[in-house]
Amino acid sequence: MNTLKYFSKYQILIFILFISVYQLNAQDGLDNPITKAMMKVYQQQLDEDPQDYETYFKRANEYYNHNQYAKALTDINNALKYVPTTEIDLKYQSLCLRASIYEVTENYEKALNDLNNALQIEPNSYSVIYRKANAEYLLMKYDEAKADYQRMLRLNNRSIEALIGLSRIAVNEKNLGLANEYADNAVALAPTEATVYLRRASVRKLMGNNTGAVDDLILALSTGKETTKALQELVDMGNTDYNAVMTGLSNAIRQAPKVGMYYYIRGTIAKAHYNYVAAMADFKKIINENLYNYHGIHRELAECQYCLGKYDEAIYDINYAINATSENSEYYVIKAKILRALGQAKEGLECCNIALTKNPNLTEAISIKGLCLTDLGDYEQAVILFGEATLNEANNPYYYMLRANIIEKHLKQEENANTIYERIIDMDNNPNDVKSLKGFALLALKRNNIAKNWIENILSTTTDNDGIVYYYAACLYSQLGNIDKAIECMKVSLQKGYANYYDWTLNSDTNINIAPIRENKQFHELLSQYSLIFK
């Protein structure tokens, strides 16, 4: 059976929602009234009896389930401290729970010790042997791990987990033929299960077979199970081996040319890597052949057109998306960005107000409203809005840059602006990540040599697959007045495919832009030379 052909509209919607949200922040859950009441009871019981090992165990489980690992560890330590030797089952469960805490916090030596102690109580526990083997593998105790995976097979000769574990060991032993055999045998045991393809994909990635890994992730998607995990791994692989992911998705499309989901995923990944022309082709394919009807496709299309400088087309598609649903606050923000690019800041401001009426905490709407007000000369209100954005996203340096820029250039409060620039430099962001913007903050503080060293270090140590790093380098060198270096970086960025025409031609916000070289003859020659990436 060719499982690539079988997708429901429900499954497709799952993929769309995943990509639209991309990642959700986990809710603590301890604020739930029922949970709070239960935790209060636990505390009362422990106040009455500080050696109540059962309550420590129960509360440790609750903390663990809500990702409160330090508190869970304290409670389970107390449970193990006070549990009587006669309570063998509770001791076993407590050891397993503490091992879980150590596993999730990557303290594998201690996890292994607890798992060994648990096996003293239950010598044939399949799950504990499996966890023990995995801990040994992560600690590079390959012989011990191999023995435990083989022990699992003796307990269950159809153990997919054991076969995948032995496959990973074989990769470590550089016996790729055996590794493939183990992994293929695992798939043969459960050819309709997503997890087996996810596991074989992990083995193939270890082997350096990214193309095979992508094929497995697509097969996992086609089962309709574990869809979020499979898609997340596929998107992550797109960041490390874009060509392998695109090739795999193209192969899937050739096998199942009417499955709109594949076009959507391929288009979304292409868009994330600034390949807007390819992304638009996939989104238009979905629309033109009615592979499925979803207003979000028009939103994706509008964003691509905006980035390519096709503003009139972008307005058409974003209006279509807005009119198709009442859940459209983010669509109004995109429309505001397009209108602003068209020089219609007043109309963009109105769109931001609509978006914020629908969703008052939408940070991008707040920041775009601030930019529209900046265009309209209302700098004091713009500063307030950028301040709100920094409160919403305290670790996003871009909003701080916007605020400091207005304070410095338009409100003429250099000292206050410098305080914000210093804060960007002190942020706990990776300084080797160009999007930390530390170099641009240094530049605003007139520490030009340090800013130059920052970007030079990034260029020498970072792999730039999409041209985004060289685009930022072109911006920084432009602002430094080093025109030759800026043009050189611009050329590399275009060669690598950074196709955001808006950034190249219009973006003049803060000092993160290439405005100083836009009148340069070589700038226009390069845009002409690489015009195909925009068409």
Side-chain angles (χ1 to χ4, degrees), residues 271 274-277 279-281 283-284 287 295-325 328-359 362-379 381-382 385-386 389 398-399 401-402 405-406 409-410 471 475 478 494 498-519 523-524 527-528 530-531 533-535:
K271 175 171 167 272
Y274 318 107
N275 192 346
Y276 303 112
V277 173
M280 282 178 60
F283 297 141
K284 286 183 176 180
I287 293 169
H295 48 79
I297 304 295
H298 288 273
R299 170 247 177 94
E300 301 285 358
L301 196 53
E303 285 192 294
C304 289
Q305 290 160 339
Y306 162 75
C307 291
L308 291 172
K310 303 177 186 294
Y311 305 120
D312 291 332
E313 295 174 38
I315 284 290
Y316 171 84
D317 276 293
I318 202 61
N319 280 338
Y320 184 98
I322 285 171
N323 293 328
T325 177
N328 52 18
S329 57
E330 293 183 1
Y331 298 176
Y332 274 104
V333 178
I334 295 166
K335 185 174 180 179
K337 291 165 67 175
I338 299 165
L339 289 168
R340 185 168 176 257
L342 287 167
Q344 300 173 28
K346 184 177 180 180
E347 291 80 0
L349 182 63
E350 292 172 0
C351 286
C352 289
N353 286 332
I354 295 171
L356 289 168
T357 299
K358 292 171 174 284
N359 185 354
L362 190 56
T363 307
E364 190 176 16
I366 294 170
S367 69
I368 300 301
K369 181 177 179 178
L371 287 170
C372 289
L373 287 169
T374 301
D375 294 344
L376 295 169
D378 191 348
Y379 305 122
Q381 188 61 34
L385 287 167
F386 295 141
Y398 179 62
Y399 297 135
M401 287 295 295
L402 288 173
N405 182 258
I406 299 298
K409 291 191 174 180
H410 297 291
Y471 167 73
C475 291
S478 294
L494 290 167
Y498 187 68
N500 193 318
Y501 194 78
Y502 170 80
D503 275 351
W504 289 119
T505 60
L506 274 184
N507 185 4
S508 298
D509 302 327
T510 73
N511 63 348
I512 312 166
N513 58 70
I514 58 157
I517 66 169
R518 286 191 182 128
E519 299 303 318
F523 169 82
H524 295 284
L527 282 185
S528 177
Y530 291 95
S531 61
I533 69 172
F534 306 114
K535 296 180 179 178

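All heavy atoms count here, side chains included; hydrogens, waters and symmetry mates do not.
Proximity of Arg518 to Ser508: side-chain heavy atoms (C-beta onward) are separated by under 4.5 Å at one or more points. With contacts defined as side-chain heavy-atom distances shorter than 4.5 Å, the pair Lys346/Leu339 does not qualify. Contact check for Leu371 versus Phe386: side-chain heavy atoms found under the 4.5 Å cut-off. Residues Tyr332 and Ile334 have side chains not in contact (no heavy-atom distance under 4.5 Å, counting atoms from C-beta outward). Residues Cys351 and Val333 fail the side-chain proximity criterion, which asks for heavy atoms closer than 4.5 Å. Side-chain contact check for Tyr331 versus Thr325: some heavy-atom pair is nearer than 4.5 Å.
For Tyr501, the OH atom is loosely surrounded, since the number of other residues' heavy atoms within 6.0 Å does not exceed 12.
The existence of a salt bridge linking Asp509 and Arg340 is confirmed by a sub-4.0 Å separation between a basic side-chain nitrogen and an acidic carboxylate oxygen. Salt bridge annotation for Glu303-Arg299: present, with a cationic side-chain nitrogen under 4.0 angstrom from a carboxylate oxygen. A salt bridge is defined here as a Lys NZ or Arg NE, NH1 or NH2 lying under 4.0 Å from an Asp or Glu carboxylate O, and Lys337 with Glu364 meets this definition.
Aromatic ring pairs are classed by plane angle as parallel below 30°, tilted from 30° to 60° and perpendicular above 60°; the pair Tyr316 and Tyr320 is tilted. Between His410 and Tyr379, the ring-plane angle classifies as parallel under the 30° and 60° cut-offs.
Between Tyr471 and Trp504, the ring centre distance stays below 6.0 Å.
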